[in-house]
Structure formats: structure tokens, C-alpha cells
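The chain is numbered in sequence order, starting from 1. FYI, side chains are in, hydrogens and waters are out, and symmetry mates aren't considered; it's all heavy atoms of this structure.
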Amino acid sequence: MFGLVVADINALKKEDKKTYNSFYCGLCCAIGKNFNNFSRITLNYDLTFLYLFLTSYFDEKTEESLIRCGIHPLKKKNVYMNKYAEYCACMNILLTYYKFEDDVNDEGAFTAKIAKSAFKKQKTLAQEKYPIKNQAISDCLKRLNDVEKQDEHNADIPANIFGELMGILFDINGDDLKLREFGKALGKVIYIMDAVLDFKSDLKKCRYNPLIETKSQNFQQILTILLNDCVEIYDTMNITKNKTIIDNILFSGIWYQFRKGKTDGPL
């Protein structure tokens with residue numbers, strides 16, 4: 001479900017591409033610093049967007065540096081670091097752990113059990129730093145799992161629960177209604193987009209999909225409406241820092257997998 005909020009890299013200017021990559025690499029470093037290098041494999045683009053968005057919304061300064069990366073050791077990587085990197089690193093770990101837990105509960109897959117066990121210590125560290133966030137995430141995912149097990153065909157119900165989870169992540173201090181509403185709106189887009197992308201596979205494998213009673217020719221219209229709701233909130237935030245990158249993600253990048261699906265064949 002995660003990894004859909006990406007930039008349309010080819011449409012970014014050179015300087016914006018460098019900035020975006022610096023946030024991505026900065027979050028990767030924060031995961032390694034706060035947990036361990038192995039945990040870096042969990043890094044995803046949605047949390048990179050959260051890091052970029054919080055930095056831009058609060059106009060937070062970043063500390064820029066060059067580091068050597070184990071994956072790309074021959075060339076130093078430019079990284080941006082600030083206080084939101086640590087927060088997003090912890091949220092990344094919590095979401096990863098609960099994803100493995102969900103996989104274990106749903107499928108009992110051996111690999112998921114191994115992964116869950118491997119990240120238990122990291123999850124505990126993140127939970128200790130952000131116990132309220134951890135409990136809220138756990139509660140939302142449990143409710144979402146219960147609704148999906150009930151085979152709920154009203155897609156608004158699970159989408160709203162996932163939106164609530166994303167709202168909690170964006171509202172970092174728990175007191176910003178606008179951030180929470182933006183996160184909730186974006187979360188609904190992510191949930192429905194994921195359902196759209198998995199639609200054919202879920203039908204084939206007889207798995208739950210909230211859009212089972214929705215005509216596939218309506219998918220794009222539904223996503224457009226949901227994304228417009230998200231953008232309307234974003235437009236009231238008056239964000240100027242990194243705006244061209246955020247615009248790129250919300251207006252183009254988030255459609256990347258959908259466009260790819262349309263290219264590969266009809267949904």
C-alpha cells in the first residue's frame with residue numbers, strides 16, 4: 001500500500017531533483033542512525049514525502065552534508081537532515097513492522113514471520129520514542145483489518161480509516177487540524193489507488209478489494225475527485241518552500257503507477 005506518493009522524476013528540474021534525492025537520502029541516513037543499516041531497506045517514498053512536506057510546511061531549515069552510501073560507495077550522496085528526519089524514520093519503522101504483522105495474520109507467510117521478528121527490536125525503539133503515535137497507528141490498522149475481514153464493499157469506510165492513520169502521521173504534534181485533514185485526504189487517495197492497482201490481481205486470487213462492486217471505468221474519476229479534495233486543502237496551506245516538488249508529486253507523480261497500469265493493459 002505504501003510507496004505510491006512518488007515524484008515524477010523526469011518532470012523535475014535538475015535542482016529540484018537534487019533536493020528530492022537529498023530528502024530521500026537524508027531519511028535513509030536517519031533510519032540507519034536511529035536503528036541500524038539493515039533497517040534502511042524499509043525506506044519508502046511515502047515517508048520521504050512526509051519528511052519533505054513537514055519540512056516545507058513548518059519552513060524548517062535543513063543541515064546539508066555529503067556522505068558515502070554503502071549501496072553507492074563510489075560517489076558521495078548529498079543529504080538533508082533536520083528534526084523531522086528522526087520522526088519520519090520512526091514512523092517508517094512502525095508502519096513496516098505492522099505491515100509484516102498484517103502479512104503474518106493474513107497469510108501466515110514464513111518470510112513475513114522472519115521479517116516481523118527481525119524488526120521487533122526496531123519497532124520497540126520507535127514505540128518508546130512515540131508511544132502515542134504507535135498506539136494510534138496500531139488502533140487504526142486493527143480497525144482497518146476488521147473492516148476488510150468483514151468484506152466491506154463501501155470503499156469509503158476502509159479509506160476513511162486509512163485516511164485517519166495518515167492524518168495522525170502528518171499532524172506530528174497532534175494540534176494542527178489542517179495538517180491532519182491534508183493527511184487524511186491523501187490517505188484516502190493512497191488507499192483507493194492501491195485498491196485500483198491491485199484490482200485485477202485481487203479478482204483473480206479471490207482476495208478482498210473494496211472496489212469489487214465499482215465499475216473499473218469509474219476508477220480514474222473517483223481518484224481525481226479524491227485527489228482534488230487533497231489539493232484543495234494543500235492550496236490553503238500557502239506552502240512556498242519546495243513547492244515545485246510537492247506540486248510535481250501531487251499533480252503528476254502520484255499518478256505514476258496508475259498510468260503504468262493503463263499502459264500495461266486495461267484495469
Side-chain angles (χ1 to χ4, degrees), residues 1-9 12 17 19-56 69-72 77 79-82 84-103 111-112 115-116 118-119 122-123 125-127 129-130 133-134 136-138 140-141 144 162-163 165-170 172 182-184 186-198 230 242 245-246 248-250 252-258 260-261:
M1 186 176 297
F2 288 97
L4 298 178
V5 190
V6 300
D8 183 353
I9 291 293
L12 285 176
K17 188 182 298 186
T19 297
Y20 182 66
N21 287 334
S22 295
F23 275 103
Y24 182 84
C25 292
L27 181 54
C28 183
C29 287
I31 293 173
K33 179 180 178 181
N34 286 277
F35 300 98
N36 56 38
N37 285 329
F38 176 72
S39 299
R40 294 185 183 197
I41 65 171
T42 68
L43 174 64
N44 76 68
Y45 286 105
D46 293 1
L47 274 297
T48 300
F49 178 71
L50 177 61
Y51 178 28
L52 168 72
F53 197 88
L54 290 177
T55 298
S56 306
C69 173
I71 299 176
H72 306 282
K77 292 288 184 179
V79 300
Y80 288 161
M81 299 293 288
N82 62 34
Y84 298 118
E86 185 260 3
Y87 169 75
C88 292
C90 289
M91 296 306 105
N92 194 103
I93 291 295
L94 289 175
L95 290 172
T96 297
Y97 178 84
Y98 286 119
K99 171 63 169 64
F100 290 141
E101 185 174 74
D102 186 57
D103 289 344
T111 53
K116 178 186 174 183
F119 279 90
Q122 290 91 313
K123 181 260 185 180
L125 291 173
Q127 177 180 341
K129 291 181 179 180
Y130 296 97
K133 294 291 184 184
N134 173 72
I137 292 170
S138 177
C140 281
L141 290 176
L144 182 61
F162 189 77
L165 185 156
M166 291 299 292
I168 290 167
L169 294 186
F170 273 81
I172 180 171
F182 173 80
K184 182 175 182 178
L186 181 62
K188 291 169 69 174
V189 174
I190 294 172
Y191 187 85
I192 297 301
M193 181 71 79
D194 182 71
V196 167
L197 296 175
D198 288 345
C230 182
N242 302 313
I245 305 175
I246 297 172
N248 169 282
I249 293 169
L250 293 179
S252 181
I254 202 168
W255 288 101
Y256 174 77
Q257 293 292 345
F258 182 85
K260 184 175 184 296

Just so I know, are the side chains of [X] and [Y] near enough to count as touching, which here means a heavy-atom distance under 4.5 Å?
X: F258; Y: M193; result: yes
X: L43; Y: Y24; result: yes
X: L47; Y: L95; result: yes
X: Y97; Y: K116; result: yes
X: L144; Y: L165; result: no

Working to the nearest 0.5 Å, report the span between [atom1] of [X] and [atom2] of [Y].
X: L141; Y: D102; atom1: CG; atom2: CG; value: 7.5 Å
X: L125; Y: F119; atom1: CG; atom2: CZ; value: 12.0 Å
X: K77; Y: N21; atom1: NZ; atom2: CG; value: 7.0 Å
X: S22; Y: M81; atom1: OG; atom2: CE; value: 12.0 Å

Side chain to side chain contact (heavy atoms under 4.5 Å, CB included) involving [X] - partner list, sequence neighbours excluded:
X: K184; answer: N160
X: S56; answer: L52, I239, K241, N242, I246
X: A195; answer: N209, P210, L211
X: Y130; answer: E86, Y87, C90, M91, K133

Discussion item. Tell me if a side-chain donor or acceptor on D8 pairs with a main-chain N or O of N248 at a distance below 3.5 Å.
Written reply: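 Not a single qualifying donor-acceptor pair exists.
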Fill in: N92 side chain vs T42 backbone, donor-acceptor pair below 3.5 Å
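Present.
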Atom pairs and distances, side-chain donor-acceptor, residues 28-35, under 3.5 Å, sequence neighbours left out:
from : atom 1 : to   : atom 2 : distance (Å)
N34  : OD1    : K129 : NZ     : 2.9
N34  : ND2    : A30  : O      : 2.8

Of all heavy-atom pairs between [X] and [Y], which one has the smallest distance, and what is that distance?
X: G3; Y: D46; result: N-OD2, 3.0 Å
X: L250; Y: I254; result: O-CG2, 3.6 Å
X: G187; Y: M166; result: CA-CG, 3.5 Å
X: A7; Y: I249; result: CA-CG1, 3.7 Å

Worksheet item: With sequence neighbours excluded, what pairs up with K123 under the salt bridge (Lys or Arg N to Asp or Glu O under 4.0 Å) test?
Response: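 None.
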With [X], which residues qualify under ring-ring contact (aromatic ring centres under 6.0 Å, His included), at least two apart?
X: Y98; result: none
X: Y20; result: none
X: Y51; result: F23
X: Y84; result: F58

Discussion item. Is there a side-chain contact (heavy atoms from CB on, under 4.5 Å) between I137 and L169? Walk through the geometry before answering.
Written reply: CA-CA 8 Å; I137 292 170; L169 294 186; 3.7 Å; yes
Discussion item. Between L50 and L27, does the side-chain contact (heavy atoms from CB on, under 4.5 Å) criterion hold? Intermediate values first, please.
Written reply: CA-CA 10 Å; L50 177 61; L27 181 54; over 6 Å; no
Discussion item. Can you tell me how the ring of F170 sits relative to the ring of F53, calling it parallel under 30°, perpendicular over 60° and tilted otherwise?
Written reply: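 Taking F53 first and then F170, their aromatic rings stand perpendicular (interplane angle over 60°).
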Worksheet item: Excluding sequence neighbours, so at least two apart, what forms side-chain hydrogen bond (donor to acceptor under 3.5 Å, both in side chains) with N82?
Response: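 Residues passing side-chain hydrogen bond (donor to acceptor under 3.5 Å, both in side chains) with N82: T55.
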Item to complete: State which residues pass side-chain hydrogen bond (donor to acceptor under 3.5 Å, both in side chains) with S138; sequence neighbours excluded, sorted by chain then number.
Response: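 Testing S138 for side-chain hydrogen bond (donor to acceptor under 3.5 Å, both in side chains), a comparison that skips the adjacent residues, returns none.
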